[in-house]
Amino acid sequence: GQKVETKSVVLTTGTFLRGLIRIGSETIPAGRKGDKPSIGLADTLDKLELKLGRLKTGTPPRISMASVDFSKTVLQEPDSEPIPFSFQSRGVNLMYPKQLSCYFTLTNQKTRMVVREAIEECDYLKQDINGPRYCPSIESKILRYPEEHHSVFLE
C-alpha cells in the first residue's frame, strides 16, 4: 500500500460499518440488499481508538402494492428527462430505464392513531444514536407534531 500523510480523514462506510437491519422486532447484522456488514474494519478502527459515529437513517417499510387504494393518492409521474443532482454531470445513467411512478398522500386522524398504537414496537425510536437524521420517520413526526397532517410518499 501507499502511505498518505494528512491531519484528518473522513471514512464514509455507508450502512456497512457494523450494519444492522431491523425487520419487525428482529435485528440482523447486515449491509444492504443481503450484503454482509463490515465488522473487521469497525474492530480495527476501535483498536486504533478512532471515534466512530453513526447516522440514524431508518429505511421506510416495504408494503405490498396490492394493499394500497391508489384512488386515495395523488399520482406523481417520473421525470421524462431525469436531471442530475450535480451541475458537473452530463446526464443520468439509469440502472432501470423504466422508472416507476410515485404516489402522494397525507396522514389523517386514523393513520395517526394506528401509528401511536404501534409506537412501542418501533425499536429504532429507542436507539441511542446521536447525530443528524436526514429524513424523520412518520413515527417521529407524529410524536413530535401529533395533530399535523404529514406527507407520505409511496415509492
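Worth saying up front: this structure is predicted, and the values here are computed from it rather than measured.
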Look at the side-chain heavy atoms of Ile, Leu, Val, Met, Phe, Trp and Tyr, link any pair under 4.5 Å apart, and say whether Val115 and Ile63 land in one connected group. yes

Could you list the residues that satisfy side chain to side chain contact (heavy atoms under 4.5 Å, CB included) with Thr6, not counting sequence neighbours? Val9

The test is side chain to side chain contact (heavy atoms under 4.5 Å, CB included); show your working for Arg18 and Asp46 and say whether it passes. CA-CA 12 Å; Arg18 284 196 189 118; Asp46 273 343; 2.3 Å; yes

Which residues pass the side chain to side chain donor-acceptor pair (under 3.5 Å) test with Ser151, not counting sequence neighbours? none

Donor-acceptor pair, distance only, cut-off 3.5 Å: does the side chain of His150 make one with the backbone of Tyr145? yes

Pairing residues for Ser101 by the side chain to side chain contact (heavy atoms under 4.5 Å, CB included) criterion, not counting sequence neighbours: Leu75, Glu77, Pro78, Tyr103

If you measure from CD on Glu148 to CZ on Arg112, what distance do you get to the nearest 0.5 Å? 8.5 Å

Show your reasoning for whether side chain to side chain contact (heavy atoms under 4.5 Å, CB included) applies to Leu41 and Leu11. CA-CA 11 Å; Leu41 176 60; Leu11 183 63; 4.1 Å; yes

Between Ser89 and Pro84 the two heavy atoms that sit nearest each other are CB-CB, 3.6 Å

Phe153: which other cluster members, linking ILVMFWY side chains closer than 4.5 Å, directly or transitively? Val74, Phe104, Leu106

Taken in chain and number order and not counting sequence neighbours, the residues that satisfy side chain to side chain contact (heavy atoms under 4.5 Å, CB included) with Val152 are Thr105, Thr107, Ile138, Leu154

Quick one: list whatever passes side chain to side chain contact (heavy atoms under 4.5 Å, CB included) with Ser64, sequence neighbours left out. Ala66, Ser67

